[in-house]
Amino acid sequence: MGDFHADTGRDGRETRPQVLITPEEAIARGFAREAPPPVRCAHCGRQLRPLGIPVFGSIAWVSHEPCECDGSVRERMEEEQRILEERAMERERRLDRSGIPLRFRRAAPTEAQCIAYADAISGSTSDGLFIHGPVGTGKTHNAAAVAIAASDRGLRTVFTSAIAIFSNIRETFDGGGSSKRALERYASCEMLVLDDLGKESSSRWSLMTLFTIVNARYEGMRPTVITSQYTLGQLRARLASTGEAETAAAIVSRIAAMCADVTLSGPDLRGDAWKPLGMQTMQRTCDVAKRSKLDNFR
């Protein structure tokens with residue numbers, strides 16, 4: 001058999017590989033009556049056998065066997081490098097469209113449940129995560145890592161916060177845009193990451209907007225990852241402060257039903273432990289300088 005020919009779709013998903021077959025195989029399988037003329041290497045002139053793909057009982061000659069001359073090898077390496085660079089640029093564009101903050105574009109999950117979830121994400125994933133814990137315990141970091149994994153697997157991903165959602169929808173009121181279309185983006189995307197839920201100032205309108213999104217995702221079995229400083233019980237009480245206790249309970253109930261609980265704890269990781277090495281060194285240098293100045297007054 002010939003080589004496999006794979007490609008990547010516009011959504012980032014790798015398409016099914018197609019088998020390239022030789023003229024001899026095409027004739028033996030009845031796809032062609034005779035072999036096509038050979039292709040000549042543009043670098044050394046060597047004759048190369050064409051390779052084709054079966055198409056509806058016929059054959060489409062789309063490639064040829066590789067030549068191993070220096071010029072051809074160099075050309076293939078340059079083409080492979082170009083493809084890698086294009087894929088890297090397209091990946092960055094996807095992450096940018098997803099709204100994943102630049103600081104977390106290289107995030108990898110650090111918590112066991114988040115690692116397992118990120119590894120298992122696929123188009124059939126329907127459950128989610130509720131990641132909660134004190135400030136600086138890695139909630140956004142892990143959520144961003146999950147969003148990156150989803151985007152890399154071709155899922156239409158949106159990373160946002162409740163504050164940003166309400167702000168974007170309000171902008172449509174004055175700007176003449178469609179609030180329904182803005183709402184649909186969050187309700188229907190294949191993966192939604194809702195960061196820092198509970199930080200927003202609640203009102204009856206914002207609570208109903210949040211319920212609409214959460215309910216749509218719950219009913220549509222669309223995966224949702226939520227981070228919060230609050231437990232579900234605390235979040236319910238915070239959302240109910242608007243006086244809409246039943247709506248708050250309905251939101252939290254749906255979150256509990258569609259998201260696995262992930263509890264993070266520990267010190268604030270935004271301190272020295274997570275600073276880049278250069279910043280750590282700079283901080284230590286400043287600390288030494290401060291101590292030296294203080295020593296002069298002792």
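In terms of heavy-atom proximity, Y230 sits nearest to F130 at O-CZ, 3.3 Å. Minimum interatomic distance between R105 and I100 (heavy atoms only, all atoms of both residues): NE-O, 2.7 Å. When all heavy atoms of R29 and I21 are compared, the closest pair comes out as NH1-CG2, 3.7 Å. Among all heavy-atom pairs drawn from T160 and A164, the shortest one is OG1-CB, 3.4 Å.
In the hydrophobic clustering, where aliphatic and aromatic side chains (Ile, Leu, Val, Met, Phe, Trp, Tyr) are joined below 4.5 Å either directly or transitively, M77 groups with V73.
Residue pairs meeting the side-chain hydrogen bond (donor to acceptor under 3.5 Å, both in side chains) criterion with at least one member in residues 50-59, sequence neighbours excluded, do not occur. Among residues at least two apart or in separate chains, salt bridge (Lys or Arg N to Asp or Glu O under 4.0 Å) pairs with a member in residues 195-209 are D196-K199, R204-E244.
Of the possible polar contacts, one joining the R222 side chain to the A216 backbone as a donor-acceptor pair under 3.5 Å is found. Between the side chain of D261 and the main chain of A256, no donor-acceptor pair closer than 3.5 Å is present.
Enclosure of atom CZ in R93 by more than 12 non-hydrogen atoms of other residues, nucleotides or ligands within 6.0 angstrom is indicated. Remark: R236 CZ is loosely packed, at most 12 non-hydrogen atoms of other residues, nucleotides or ligands lying under 6.0 Å away.
Using a 4.5 Å heavy-atom cutoff, the side chains of Y117 and D127 are in contact. Taking 4.5 Å as the limit, some side-chain heavy atom of R270 sits within range of a side-chain heavy atom of V135.
Between the side chains of H132 and T227, no donor N or O sits under 3.5 Å from an acceptor N or O.
Between R82 and E86, at least one side-chain nitrogen of the basic residue sits less than 4.0 Å from a carboxylate oxygen of the acidic one, meeting the salt-bridge criterion. Look at R97 and E90 and you find a salt bridge, because one of the NZ, NE, NH1 or NH2 atoms lies within 4.0 Å of a carboxylate O, short of that distance.
Taking CG of L207 as the start and CD1 of I251 as the end, the distance is 4.0 Å to the nearest 0.5 Å.
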